[in-house]
Amino acid sequence: MHYEEFKKIVKRTYVVLSLFFGLLLIIAGGLVYEMLYPSFLITETDQDIVYEPIENLEVIGKNDIKNGIHEPTGFVDANGLEQVVINCTPCHSAKLVTQNRATREGWIGIIRWMQETQNLWDLGANEAVIVDYLATHYAPENKGRRELLNNIEWYDLKDK
Amino acid sequence: MDRRKFIKEAGLATAASVVGLDIVFSSTLPENYIPLVKEPGNPYKLFGIDPEMTVLNNKPWNIEAKAHLLDDKITPNKYMFVRNNGLIPQSIDVSNWELVIDGESVVKPRTYSLQELKTKFKQYSYQLTLECGGNGRSEFNPPAKGNQWTVGAVSCAKWTGVRLRDILEDVGVKEDAVYIGYHGADVHLSKDPNKEAISRGVPMYKALQNETLLAFKMNDKDIPLAHGYPLRLIAGGWPASASGKWLNRISIRNKIHDGAKMKAPSYSVPCHAVAPGEKVKESDMCIIESMPVKSLITYPKTGAMIEAGSKLEIRGHAWAGELEVAKMEYSIDFGATWKTCALDRPTNRLAWQHFRASVEFPQKGYYEVWARATDEKGVCQPMLVPGWNPKGYLNNACHRIAVKIK
């Protein structure tokens, strides 16, 4: 093969390859952009825009735990936290869970009710971990028939 | 870069595999369900509510007032509790909004545009008390499940609209009609389009009352989005869940409506009294109708300190579901003695009534002022939390405030 001919082939191959990789880059870029901003190719429904769900890819980030509390959700940091965050916050916020107190039986009852009527999935092996977590850290306290008034913020009432 | 949107689209399982996150936890999690670990917006801006309002839950939005915020005779939007079972509809096209009337017991099913409703029928305005069936739930022992409302899930706004009765007469109601059920545009929390977040209703006798409205105005303005814009069924004096928001369909039923949240234990209490914590069979639960007699001291705010010898002016509101409040009293000695308050008649049926009194204290010290309303049938509020029920409804125990005399 002549040197000149060889040079030509190399050059052509180079051009073709450059074009090919260029194209790949554009496609990949587009795909990445689409992943980051889905509205680029598909328009989002309004429903999706309001409740932006997650800041970090890690469900439990390194700096998320402060004073024994998982700050983004308010859940107690203990064994089972990951399973609870993953399975109990997709539909409603953690606040609906942390507001409540129940016995083990009570928590199982709430889970069954959601499974029967609210589309909650089978929790599989995670159920035992989740129920343990909830029954331990969100257990009822005896409040009696009427509690005392507490956390009163005293202030001077001036005009009648 | 905005990873939120990425993860939102990709689904947790996919996202997890991309970054090598341990996906053991999510193995049973369906695609497209994403854990929520971020505040979903500022409710005070979103809904124009007062910063002192308490957010119990931000998805779905559930927000309540404090007693002293409810001092106005007519509750302004900024102090109105917000109760949602699902997601607030995001896009509302008022010009194409329709109300469908259907069901087994409708003579001729039909559809009304919003404009037709507003022009074809006479409009009425009433002040109507709306109280969440679970208001006061936080006090039940053993605890009852759901949002832990304290005292502030009640309001009395002015509602303007057309009478449901006039629409029912227009379409014709068959003799076998028992109930009306509402349907709204809100979205189930699981975003399953085949599931309704809530679809409750009322028996025919309530549907046919003068004050039962299809409202398009609250306090003389378009109903705020969080309260059901552009159309809301209003059934005052009943659990507020009977007053369906974002109303787009009413079904006239030949049986008790069987929509979402009609089945026990939702908005139901044991038909016969049970011991605290007792298991109750579904068939032994009865649907709540009228709310019970209740009152709230809205002035002063709890924690007031006053000089010895000065009088304390107190005021508030009282209501009794379908009934009128006949008597209002207060006690500063934990119920040992009661004194009468001045009490106004309601502006219209189902509006709350205003009371006031001038309270004197015998000596220095810590006091509690307790308020007690009695309805026209002689039934009054209990000082203790009333009959326990699995979902913690109908807590109408006396409200009280703490006062110190210096």
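Excluded from the calculations below are hydrogen atoms, water molecules and symmetry mates; all remaining heavy atoms, backbone and side chain alike, are included. If you're wondering where the values come from, they're calculated on a predicted model, not measured in any experiment. Below, chain A is the first sequence line, B the second, and so on; all start at residue 1.
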#### Entry: Per-residue contact mode, A/I152 against chain B (heavy atom under 4.5 angstrom)
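It is the side chain, since no backbone atom gets that close.
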### Message
Heavy-atom cut-off 4.5 Å, strictly under: side chain, backbone, both or neither for A/T117 against chain B?
### Response
backbone
#### Entry: B/N147-A/Q99 side chain donor-acceptor pair, cut-off 3.5 Å
yes
### Test side chain to side chain contact (heavy atoms under 4.5 Å, CB included) applied to A/E71 - qualifying residues, sequence neighbours left out
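Side chain to side chain contact (heavy atoms under 4.5 Å, CB included) check on A/E71 returns A/K66.
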### Message
Going by side chain to side chain contact (heavy atoms under 4.5 Å, CB included), name the residues that satisfy it together with B/A308, two or more places apart in sequence or in a different chain.
### Response
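Listed in chain order: B/K364, B/I405.
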### Top contributor to chain A interface from B/P142, B/S310, B/A397 [non-hydrogen pairs under 4.5 Å]
B/A397
### Residue among B/M383, B/E307, B/R400 with most heavy-atom pairs under 4.5 Å to chain A
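Heavy-atom pairs under 4.5 Å are most numerous for B/R400.
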### Message
Sort by residue number and list every residue of residues 132-147 of chain A having at least one heavy atom under 4.5 Å from chain B.
### Response
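Near chain B, by residue number: A/P140, A/E141, A/N142, A/K143, A/G144, A/R145, A/R146, A/E147.
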Side chain from CB out, backbone as N, CA, C, O: work out which of these in [X] comes under 4.5 Å of a heavy atom of chain A, or both, or neither.
X	result
B/A144	backbone
B/K261	side chain
B/P276	side chain
B/K404	both
B/L56	both
B/S358	neither

### Pair A/E105-B/K279, salt bridge (charged side-chain N to carboxylate O under 4.0 Å, His left out): steps then yes or no
CA-CA 11 Å; A/E105 203 188 3; B/K279 270 230 162 62; 2.8 Å; yes
Counting only heavy atoms not in [X], do more than 12 fall under 6.0 Å of its [atom1]?
X	atom1	value
B/D258	CG	yes
B/K263	NZ	no
A/N150	CG	yes

### Task
Evaluate the side chain to side chain contact (heavy atoms under 4.5 Å, CB included) criterion for residues B/L312 and A/L157: first the C-alpha distance (whole Å), next the side-chain angles of each, then the deciding distance (0.1 Å), finally the verdict.
CA-CA 9 Å; B/L312 178 68; A/L157 182 64; 3.5 Å; yes
Taking atom [atom1] of [X] and atom [atom2] of [Y], what is their separation to the nearest 0.5 Å?
X	Y	atom1	atom2	value
B/L189	A/N119	CG	CG	10.0 Å
B/I306	A/Y155	CD1	OH	10.0 Å
B/D192	A/Q118	CG	CD	10.5 Å

#### Entry: Heavy-atom pair with the smallest gap, counting every atom of A/W154 and B/A304
CZ3-O, 3.9 Å
## Note on the structure
In terms of heavy-atom pairs under 4.5 Å with chain B, the winner among A/L149, A/L120, A/I110, A/D156 is A/L149
### Residue pair A/E153, B/K301: steps toward the side chain to side chain contact (heavy atoms under 4.5 Å, CB included) verdict
CA-CA 10 Å; A/E153 288 170 27; B/K301 180 181 162 187; 4.2 Å; yes
### Query
Should A/K95 and B/K59 count as side-chain neighbours, where that means a heavy-atom distance under 4.5 Å?
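Not touching, per the 4.5 Å side-chain cut-off.
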#### Entry: By ring pair (Phe, Tyr, Trp, His ring centres under 6.0 Å) - contacts of B/Y267 (at least two apart)
B/Y393
### Task
Please say whether the positively charged group of B/K145, taken as NZ for Lys or CZ for Arg, lies over the ring of A/W113, i.e. under 6.0 angstrom from the six-membered ring centre and within 45 degrees of the axis.
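Because its charged atom sits under 6.0 Å from the ring centre and within 45° of the axis, B/K145 does stack over A/W113.
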